[in-house]
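All remarks here apply to the structure that follows.
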Amino acid sequence: MLGIVYMILAFFVGNEIVKGLLNKSYSSRCGRENILWLHMSASFGTGVLFLTWAVYLLAWLFCCIFEIQEPLFYSNMTVCILALIMLVIIWKKRLVVRGTGLFREKLKKMIPDRKNLIRESILFPAVFFVILSMMFYVFHIRRGILYSGFTVFGDYAPHTAMMRSFSWGNNYPTQYPHFGGEDIKYHFMYQFLIGNLEYLGIRMDIAYNVVSALMLTGFLMLLYLLARRLTGGFTAGCIAVLLFFFRSGTAFFQFLWEHFRAGDLWQSLSGNASFIGYTTSETWGLWNFNVYLNQRHLALGMLLGALAVWMYLDWAEAGTRHGERGWKWLGERLFTAEAWRTRDLTGAVLMGLILGFCSFWNGAAVIGTLLILCGMAVFSDGKLDYAVTAAITILFSVLQSKIFIDGEAVSPSLYIGFLAEDKSVWGILKYLVMISGFFFLGLLLLSIKMNRIQRMVLMGMLFPVIFSFTVSLTPDIAVNHKYIMISYAFLTIFWGGFLERLLHGHAGRKIAAGILILCLTATGVYDFAMILAGNGHGRKVAVDMNSELSVWLRDNLTEKDLLLSPEYSMNEVTMSGVMLYNGWPYYAWSAGYDTYHRSETAVRIYSAGDTDTLKKLVQEEGITYILYEEGMKYEEQECREDIIEETYPKVYTSWDGRIRIYETK
């Protein structure tokens with residue numbers, strides 16, 4: 001109940017923020033789009049963003065400064081009461097000054113297209129139901145056991161550990177549970193939100209799945225509206241949403257041809273339960289809907305990014321309305337005072353705050369959004385507003401990084417070619433075709449028939465793709481796939497408009513549209529089928545959510561303790577939310593931690609041949625508990641328990657005797 005109240009308050013707080021943000025924008029005028037959906041999705045996203053930050057900062061203050069044992073209780077109570085008081089004051093003032101008729105008048109302005117309202121009222125709940133069903137399909141709790149599908153549990157492992165570090169513990173100052181005792185290099189605020197909702201009484205899977213589905217549906221609402229505003233009507237918006245779910249690519253067609261020639265096509269199609277692909281890491285599911293199932297925090301970033309694009313479309317449209325052509329128009333868009341003059345400084349500042357505070361929810365989405373805005377700004381009016389938004393976003397991102405991270409948050413370097421084996425221009429283009437079919441290159445051809453505003457926005461939305469093939473920010477270049485996914489998601493609006501025009505033409509055009517849709521979605525449809533098959537019965541990781549071991553760890557270890565354990569990914573130990581000395585190395589390594597040192601040290605501890613060596617290593621690393629599992633190996637090295645048992649007292653033994661824990665303090 002308290003969690004539901006929290007989310008309702010977040011929506012209404014966000015609604016007030018969105019009113020201020022879009023006060024001078026397109027949304028306040030009577031266009032042809034039902035911007036009711038814009039206000040609903042944006043209100044939820046911005047409200048959750050700011051309310052959750054307020055709760056986190058107060059919880060940190062109560063825990064670290066006042067040393068209160070239940071910081072989330074007091075921070076939630078304080079923030080919710082203050083938010084409610086603020087809303088009552090605003091509503092009361094509005095009611096007195098403007099009267100009760102204002103709401104009805106505003107609602108009418110937000111629904112200018114009554115004809116499509118009914119269709120949209122069917123479309124968006126249907127989209128939400130599909131997304132929510134998929135979320136629960138791959139991640140759900142039944143009879144106290146958490147089931148997490150094979151295609152997603154690898155990402156859920158660090159996320160669920162982080163959630164539990166807040167709902168079951170006091171992770172302030174915040175650490176990375178799979179690499180405890182150091183700073184937090186990974187954006188964690190979405191996990192804090194779910195952990196807080198679990199603390200407020202909403203079961204983890206319900207909180208995680210419902211919030212994620214709402215965020216992703218909110219983004220798709222804005223994607224639909226962008227398609228309508230830029231390229232077409234209801235059909236264009238629907239096609240954009242369809243293409244978002246089912247990606248383009250050549251993998252399925254290659255798979256068909258390969259197994260047709262081998263004579264085992266039917267057996268391969270019916271028996272396969274894994275993603276297909278012919279490029280590096282494509283079989284991980286890098287390019288399909290699975291990304292949005294395991295990277296749940298990406299949806300909020302994309303929602304707020306779409307809000308920024310929507311707002312700045314006013315500036316872009318103003319830049320394209322100038323009547324000049326050719327070099328004269330380009331010169332005036334770049335070098336005149338009109339091109340740089342601010343149009344809505346308040347909105348620019350507020351958008352900068354929104355994107356800036358989003359950086360520790362999903363940093364990739366923030367970078368992707370800034371890249372899109374950068375491309376749009378080139379020929380847009382109000383360039384100073386773009387610059388203000390970017391400056392504030394970067395400022396608050398850097399401030400958060402300085403607070404949470406020791407050292408540099410990212411390590412930018414030139415890296416040409418992304419995952420393409422051939423780093424030449426031809427090799428990169430070939431790779432792009434293999435992962436996306438003719439999606440990107442086809443848009444370049446379609447741009448010939450586009451108008452100014454469409455070309456401008458298209459250019460901006462291609463910037464994240466260019467970035468992904470030229471710059472590396474982390475040790476794992478594969479994470480750049482998110483920038484391509486962000487571009488892909490936004491660019492579906494142009495294919496939606498083109499295909500809508502074909503569908504509204506003569507029979508030949510309709511057939512061509514059908515063929516194009518089939519080619520653009522076939523690989524994605526097969527990937528979707530593999531998500532269902534790959535996470536079906538018997539293909540899930542099961543974890544007891546309230547096991548004896550998890551509860552013991554919660555009750556006996558604090559955020560100041562450091563537990564040496566096997567390199568666990570997702571199990572009863574990680575689900576307790578305690579700080580592991582070295583969990584599954586890939587998670588911490590890809591986030592920028594030095595896992596090699598800890599892996600080597602852990603091997604030395606587990607294989608120590610005398611008490612003095614063991615004590616020295618444990619003291620140097622700050623380890624307070626050692627977990628030993630019967631028959632364990634560490635990094636393929638044999639482990640021994642006798643020296644550990646001789647040196648430290650045993651404080652826990654599992655009911656089956658399989659796990660023993662020793663205290664080193």
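- Taking the centre and axis of the six-membered ring of Y593, the NZ or CZ atom of K185 falls inside the cone set by 45° and 6.0 Å.
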Review point. Between I605 and Y634, is a side chain to side chain contact (heavy atoms under 4.5 Å, CB included) present by the stated rule, with each step listed?
Key: CA-CA 10 Å; I605 291 174; Y634 201 101; over 6 Å; no

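- A salt bridge is defined here as a Lys NZ or Arg NE, NH1 or NH2 lying under 4.0 Å from an Asp or Glu carboxylate O, and R598 with E182 meets this definition.
- For E572 and S550, the side-chain atoms include no donor-acceptor pair closer than 3.5 Å.
- Between the side chains of Y208 and Q191, not a single donor N or O lies within less than 3.5 Å of an accepting N or O.
- The cationic atom of K540 (NZ for Lys, CZ for Arg) does not lie both less than 6.0 Å from the six-membered ring centre of F139 and within 45° of the ring axis.
- The side-chain heavy atoms of I141 and R203, taken from C-beta on, include a pair separated by under 4.5 Å.
- One distance of note links OH of Y147 with CZ of R143; it measures 8.0 Å at 0.5 Å rounding.
- Distance check: N480 CG to Y415 OH gives 9.5 Å after rounding to the nearest 0.5 Å.
- Side-chain contact between I4 and I8: present, with at least one pair of heavy atoms (C-beta onward) separated by less than 4.5 Å.
- N196 and N76 are linked by a side-chain donor-acceptor pair at a separation below 3.5 angstrom, with hydrogens and angles left out of the test.
- In this pair, Y526 and F255 present their aromatic rings tilted. The plane angle is within the 30 to 60° band.
- The backbone N or O of Q69 sits less than 3.5 Å from a side-chain atom of N170, completing a donor-acceptor pair.
- Interatomic distance, CD1 of I661 versus CG of L564, reported as 11.0 Å (0.5 Å rounding).
- C358 and G301 get closest at one heavy-atom pair: SG-CA, 3.8 Å.
- Ring centroid separation for the pair F219 and F490 comes in under the 6.0 Å cut-off.
- In terms of modelled atom types and a separation under 3.5 Å, the side chain of N290 and the main chain of T151 share a donor-acceptor contact.
- Within a 6.0 Å radius of OH in Y278, more than 12 heavy atoms belonging to other residues, nucleotides or ligands are found.
- Taking the six-membered ring where the residue is Trp, the centroids of F245 and F289 are separated by under 6.0 Å.
- Of the possible donor and acceptor atoms, one in the side chain of S654 sits under 3.5 Å from a partner among the backbone N and O of I659.
- There is a side-chain donor-acceptor pair under 3.5 Å between D155 and Q295.
- For the pairing with T52, the side chain to side chain contact (heavy atoms under 4.5 Å, CB included) check across F357, Y6, Y190 returns one residue only, Y6.
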Exercise for review: Evaluate side chain to side chain contact (heavy atoms under 4.5 Å, CB included) for Y199 paired with L197, printing each intermediate quantity in order.
Suggested key: CA-CA 5 Å; Y199 177 82; L197 291 176; over 6 Å; no

Check your understanding: Where do F44 and L300 land on the side chain to side chain contact (heavy atoms under 4.5 Å, CB included) test, with the steps shown first?
Key -> CA-CA 10 Å; F44 182 65; L300 174 63; over 6 Å; no

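- The aromatic rings of Y74 and F62 lie perpendicular to each other, with more than 60° between the two planes, well past the 30° mark.
- A pairwise comparison of heavy atoms in F252 and A522 identifies CD2-CB, 3.9 Å as the closest pair.
- Taking every heavy atom of both residues into account, T369 and A308 meet most closely at CG2-CB, 4.0 Å.
- Note on E629 versus R660: no salt bridge recorded, every NZ/NE/NH1/NH2 to OD/OE distance being 4.0 Å or above.
- In this structure, M485 and N288 approach most closely via the heavy-atom pair CE-O, 3.8 Å.
- Contacts of A273 classified as side chain to side chain contact (heavy atoms under 4.5 Å, CB included), with partners at least two apart in sequence or in another chain: A533, R539.
- Between W53 and Y56, the ring-plane angle classifies as perpendicular under the 30° and 60° cut-offs.
- Looking at D561, its side chain never comes within 3.5 Å of a backbone N or O of M579 through a donor-acceptor pair.
- The two residues T46 and L304 make their nearest non-hydrogen contact at CG2-CD2, 3.7 Å.
- The CG atom of L627 sits 10.0 Å away from atom OH of Y662, with the distance rounded to the nearest 0.5 Å.
- Checking side-chain atoms of T160 against main-chain N and O of A157 turns up a donor-acceptor pair under 3.5 Å.
- The aromatic rings of W552 and Y652 are tilted relative to each other, their planes meeting at an angle between 30° and 60°.
- Between E282 and R247 there is a salt bridge, since at least one side-chain N of the basic residue sits less than 4.0 Å from a carboxylate O of the acidic one.
- For the atom pair S590 OG and W584 CH2, the distance stands at 13.0 Å (nearest 0.5 Å).
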Practice item. Decide side-chain hydrogen bond (donor to acceptor under 3.5 Å, both in side chains) for Y568 and N582; before the verdict, give the C-alpha distance in whole Å, the side-chain angles of both, and the deciding distance to 0.1 Å. Key: CA-CA 8 Å; Y568 288 138; N582 196 41; over 6 Å; no

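- The aromatic rings of Y176 and Y186 sit tilted relative to each other, their planes meeting at an angle between 30° and 60°.
- Of the possible donor and acceptor atoms, one in the side chain of R164 sits under 3.5 Å from a partner among the backbone N and O of M575.
- The two atoms that bring T250 and G437 nearest to each other are CG2-CA, 4.0 Å, heavy atoms only.
- Counting non-hydrogen atoms of neighbouring residues, nucleotides and ligands closer than 6.0 angstrom, the CH2 atom of W60 reaches no more than 12 such neighbours.
- Aromatic ring pairs are classed by plane angle as parallel below 30°, tilted from 30° to 60° and perpendicular above 60°; the pair H481 and W287 is perpendicular.
- When only modelled atom types and interatomic distance are considered, T474 and D476 share no side-chain donor-acceptor pair under 3.5 Å.
- Here the side chain of N272 pairs no donor or acceptor atom with the backbone of L269 at under 3.5 angstrom.
- Applying the side chain to side chain donor-acceptor pair (under 3.5 Å) test between S165 and each of T574, N171, T174 identifies N171 as the sole match.
- When atom types are taken as modelled, the side chain of T523 and the backbone of G249 share a donor-acceptor pair closer than 3.5 angstrom.
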Practice item. Walk me through it: do Y606 and E635 pass the test side-chain hydrogen bond (donor to acceptor under 3.5 Å, both in side chains)? Key: CA-CA 11 Å; Y606 275 121; E635 294 282 322; over 6 Å; no

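- The backbone N or O of V573 sits less than 3.5 Å from a side-chain atom of S576, completing a donor-acceptor pair.
- Y581 and E621 share a donor-acceptor pair across their side chains, judged by distance under 3.5 Å alone.
- With hydrogens and angles disregarded, no donor-acceptor distance shorter than 3.5 Å links the side chain of Q175 to the backbone of G180.
- Ring planes of Y292 and F244: tilted class, angle from 30 to 60°.
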**Study point:** Full working for side chain to side chain contact (heavy atoms under 4.5 Å, CB included) between Y488 and T492
**Key:** CA-CA 6 Å; Y488 188 100; T492 58; 4.1 Å; yes

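- Taken from CG in L303 to CG in L223, the straight-line distance is 11.5 Å, to the nearest 0.5 Å.
- Here F179 and Y587 keep their ring centres 6.0 angstrom or further from each other.
- By the 4.5 Å heavy-atom criterion applied to side chains, L193 and W361 are counted as neighbours.
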